[in-house]
Amino acid sequence: MDTVSRDCLTLQTRRHFFKRSGLGLGAAALATLLRRDGLAAGLAPPAFRSIAPRAKRAIYLFMSGAPSQHDLFDYKPAMRDWFDKELPDSIRMGQRLTTMTSGQKRFPIAPSKYAFEKVPNLAEGAWISELLPHTRKMAKDLCIIKSMHTEAINHDPAITYICTGNQLPGRPSLGAWLSYGLGSTNENLPAFVVLNATWSAKRDAQAIFNRLWGAGPLPSKHQGVLLRSTGDPVLFLNDPSGVDPATRRRMLDSLNTVNAGAYERFGDPEIQTRIAQYEMAFRMQSSVPELTDLGAEPASTFDLYGPDSKKPGTFAYCALLARRLAERGVRFTQIFHRGWDQHGDIARDLPLQCRDVDQASYALVQDLKQRGMLDDTLVIWGGEFGRTAYCQGKLTRDNYGRDHHPRCFTVWMAGGGVKPGIVYGDTDEFGYNITENPVHIHELNATVLQLLGLDHHRLSVKHQGLDVRLTGVEPVKPVEDLLA
Amino acid sequence: MRNPLMAAVFLAVSVRVGGAEEIVFNRDIRPLLSENCFHCHGPDSGTRKAGLRLDLEAEAHAGAIVAGDPARSELWIRITASDDDDLMPPPESGKALDPGERDLLRRWIESGAEYQSHWAFVTPERPAGPGGPEAIDHFVRRRLADEGLAPARPAGRRQLARRVSLDLNGLPPTPEEVEAFLADRSPQAYEKVVDRLLASPRFGEHMARHWLDAARYGDTHGLHLDNYREMWPYRDWVIRAFNRNMPYDVFLTEQLAGDLLEAPATDQLVATGFNRAHVTTNEGGSIKEEVFVRNVVDRVSTFGTVMLGLTTNCASCHDHKFDPVTQREFYQLFAYFNSLDGDAMDGNRKAHAPVVRVIDDEGKMRLAALRDELAAARRTLEETIAGYQYREPDDSTEAGNKADPARNEDDKHSKPAEYRSFRRWLADERGREKSKLPGPLRASIKKDPGALTGEETRALQRHYIVHVDLEAAERFRPLREAVSRSERELKKTENSFPTTLVWKELPKPRPAYVLERGQYDQRGEQVPRALPEFLPPMPDGAPNDRLGLARWLLMPVHPLTARVAVNRFWQQLFGVGLVKTAEDFGSQGEWPSHPQLLDWLAVEFRESGWDVKALLKTIVLSETYRQRSEGAPEQYRRDPENRLLARGPRFRLDAESLRDQALAVAGLLVEQTGGPPVKPPQPDGLWSAVGYSGSNTVRFKPDRGPGKVHRRSLYTFWKRTAPPPQMIDAPSRESCVVRRERTNTPLHALMFMNDPQYVEAARAFAERFLGAPDDGIPERLFLHALARPPGPDERGVLRESFRRHLAHYREHPEAARALVAIGDRPSDASDPERLAAWTMVASLMLNLDEFLTKN
């Protein structure tokens, strides 16, 4: 598409249209057109925005299926001596297991087969597995939380829980809250964009759900917009074949004229809003292709993100798009990378998964840093829960599987006001229970909101008699220790 | 959220300015206390602070209020405290009272601080006033007069025809229907239109889709694999119920407890799918009890929301913070819904038991005929067998048998041995390690030959003759094959009828327990089935089960059922309910904009015998409904949601109506009621982008052909984890929703312009009129799309638009051909360039605000 000519068309015709229709824009439409940072000029910010933001936007690299913290971040050398020995009852303490392994006769310890190295950060260093060589290089940027925990033990409820604050479907997602709370800074792109990446593990991948980026009871304009790598990047973005931008423009001009007439008859400001939304749709038809056109990226970008970044749909490609979205002011980008559910055959699948994301995650953080954007862009990496210390299925020194484990898992964050170069929280010698500084998923979400300048407690909406919020009913606090 | 908030402010302000100086506790005070105080000083004993309750008059007066004396009332002192430590509500709660609200509380205390029972918990009584549609106008106008406003003039017949057609059938009127209405000068002209619409089968479809949001109907299980669930007979039951004007009390009773009726018909069982329509899972690793509890909680919450307009689910974890439902009472309700005779996990099967197979009358006849055929085939076989004389060969051990003993090994791949001797076969068969004989024979064969009874011997011999003996079996083969053909045909036909999920009650109910904090494994005391205490008791003689629950809901003194129902119907027509929070009539819900009107409608509805069509007819015949929707911008700004009803309803149509309307004006819509869900095209990859690789709904394969592609939208396959993209602002059907919102985004604009279904509709719309001269086409487009002719300006815009598009397509014929080729139905235009130009104009019509909106 010819972006320049389309932009020209936009400008000319908008001016022309508003002049010709003799239509003073009503306050409502004006507010829609001019809304920046979610607020029309002159309105006081709502109470939930009383916190000074440290980040303006966030990128969530969501590892769906639950990566094994044992094989990536939570180094437990003592477990080697426990190979194939029974997990002590004193550790398990009768905690519930999924029914995939609760019937197992034994719970034999499966020490990680991967080599760990302690790499320097800004504190005592961080142990990171050989599967993540690029991540190792950026330990100084990362705030690694080893003490994440949740209550859900199966994928569907757990991922719904961490993404929306409730295990049952129907609540607004993190991105929807950010869009609602902060609004958009780019009127030509949605405030919340979702990317679904391809993955390399061979096993069936767990499902994800539209509800993970849904708006629940918030207005649906806050739901995540899928940016697709096949077909129209945004649903129905492209004009049908046989309709070029000039034809579309002609159609819109006539449409606007008739709609303006309807406004004069009905007096309903919703008509003005509709005119404005059609104009924004037209602008998106150029802003989105411009966004996804990587032609102007220098070779060094692709070197940084790796060869996959040229292949639409890969995690590396999505990570690069996430940077481009951040540059354009999109509040929240969430990449879902599936395939992390290693109940068996870790030796085959986990390295494939790590290769998908390791270099690109590193590249994204470095790229943001180089552009001076890491300071106000929060990057989050992690899944919905952790994996067990004991083996599911057949155990050998070289291969094993791990079941779901909600009691501890690892998430890292970078940039955006988060304390860099630290490892936070700790677990026991089996990586089973948290021994220090637990961080509940609600607390992680509260912290994310806080970093973006939102009071997680006040950010609520009334729904079915409840004050619905991302962080649940019970009081929680952001984790101050994680803030820079 | 901004707009609704503004609306609330406008309303509140206008109420107070509008003269009602008198403070009404339920309207003015309860919402303030509920929002700001009840969290810590309300019904929930678990979070109550300082032992103070403000939800009960006696306790409030004993604690924090001195009637008539704000200065001595702790409540007043604390809400006006200057010290943050003393201030109520505490600043950290995020709640705050503004000066106007504080003033209201002061005046209320001064005037005696009287409480009223929560309005919605008191049985509605018919307020004095006229009857029929005039009652509606009476109450609406009284309110308007209070506000110093006057009703709008009546809408023109064209506007009214389109409005009422979209409201009652979800489809626009045809130009012929509009003309007939215009031509009918009788005083009943409008009423006749209404009657026609109420009698149309399209009525049931339109009503059903609203109910299906509430019933959270979907075509997949909704969790994890999200596999196909066969449930559409329930959807069709709902359509039929509305079309037959099933009284609402029967409608509720059959859905809640159809299985408990005496000798329930299949249809009444199908109705019980209401309590099975919630999402289910079969995720590996799930803990059954946890899934079980979630399923039951969903049923109770849905029952609460749909039937009672109460947010009972709040009480699943703790006593309700705002309404008098205790946690114990929640689990007492839970006890009515926990005894399903079936597995909590869905097994990823489309027929998650208990199910019934639904066979229509024609099907029953076909099956009966097939059964007769089968019986006849079997009879012939038996008769032939009976007439056959088997003779054991003289030398049964050797000459009588050609069998190669090596092939007698129990090897699946070898051909069965060929026998001429029963005795020889018997001996071989006995020697086999694994017999493949039918069950009953398998036991006999293992016995010592001497121990066989005569009957057993006969059975074995019969088997031998019919299936084994080289000569005899061959003779019986055609008969045998006739029987199996007939069996297969019967089975196939039986399986061709759909099943649907239904309720079946366990013979002995499961015990129910209070679950601490809602946790499935934190059982507290066991609780019986019982009703919340603040609502009326079970009617005398009613069984204490779901059937009793239904009777209870429908008893005349019940304060909620009728109000909640009429409010939803009102919301459907006017965009917003008289109680805006259609899902919550509790103290956190909104005070009704017209309390007396709501009560009048509720009593009228109940006393009419719960006649849904009559209720809708009364409403649409009112002058309130028939007002014109044109207003000054000032009017829209003052009351954007039209809560005061000073004009006719005007709001964007719901997703289903939008698509159906486009198909209808294009002449594409296939009006066929019921049947399996269909898959009109959608962009590639929407399902696979989210689906579990092993799910049977991970790949979307679009249907072809108008019978599937151009059906009404309520028949579109509803995958709950990735609903159809055309269903803008629709709930995902993962949980009960009784109120949709309406947003206005650029993504909608892109869809209406570019979705191939809409492009096809635009082209088909244009094709209808290609036989007419170009000058006459704008008129036709307008009449079909908007039920009115274009104004001179509009006609000019369309003509000019066509002229310019045509000039473009004459220069780019390949573009014209590409455009008109889009869609399921092929185009046979002789002049594709002219068609392409009109397609663009038709597309403009389908994108007009006036088209997307009910005016």
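In this text, all values refer to a predicted model and were calculated from it rather than measured experimentally. Throughout, protein chains are lettered first and strands after them, A, B, ... in sequence-line order, and every chain is numbered starting at 1.
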So which of [options] has the largest heavy-atom pair count under 4.5 angstrom toward chain B?
options: Thr230(A), Leu255(A), Val234(A); value: Leu255(A)
options: Arg338(A), Met280(A), Gln167(A), Gln223(A); value: Arg338(A)
options: Ile208(A), Leu252(A), Asp455(A), Asp232(A); value: Ile208(A)
options: Met251(A), Glu151(A), His343(A), His404(A); value: Met251(A)

Which bit of [X] is near chain B, if near means a heavy-atom gap under 4.5 Å: side chain, backbone, both or neither?
X: Leu212(A); value: neither
X: Met284(A); value: side chain
X: Asn196(A); value: side chain
X: Arg458(A); value: side chain
X: Ile159(A); value: neither
X: Val243(A); value: both
X: His155(A); value: both

Answer whether the closest heavy-atom distance between the side chains of [X] and [Y] falls below 4.5 Å.
X: Ser254(A); Y: Met840(B); value: no
X: Leu235(A); Y: Leu686(B); value: yes
X: Phe282(A); Y: Pro746(B); value: no
X: Arg650(B); Y: Ile271(A); value: yes

What part of [X] gets closer than 4.5 Å to chain A, counting heavy atoms only: side chain, backbone, both or neither?
X: Glu814(B); result: neither
X: Ser629(B); result: both
X: Gln726(B); result: side chain

### Query
For Arg720(B), does its backbone N or O pair with a side-chain atom of Arg211(A) as donor and acceptor, under 3.5 Å?
no
### Message
Thr98(A): which residues meet the side chain to side chain donor-acceptor pair (under 3.5 Å) condition with it, sequence neighbours left out?
### Response
Asp403(A)
### Message
Please enumerate all residues that pass side chain to side chain donor-acceptor pair (under 3.5 Å) together with Ser64(A), with sequence neighbours excluded.
### Response
none
Is any side-chain N of the basic residue among [X] and [Y] closer than 4.0 Å to the acidic one's carboxylate O?
X: Glu270(A); Y: Arg652(B); result: no
X: Glu289(B); Y: Arg96(A); result: no
X: Arg265(A); Y: Glu850(B); result: yes
X: Asp467(A); Y: Lys95(B); result: yes

### Atom pair NE2 (His748(B)) and NZ (Lys221(A)), whose distance is rounded to the nearest 0.5 Å
11.0 Å
### Message
Please determine whether side chain to side chain contact (heavy atoms under 4.5 Å, CB included) holds for the pair Thr743(B) and His222(A), giving the CA-CA distance in whole Å, both sets of side-chain angles, and the decisive distance to 0.1 Å.
### Response
CA-CA 10 Å; Thr743(B) 61; His222(A) 297 299; over 6 Å; no
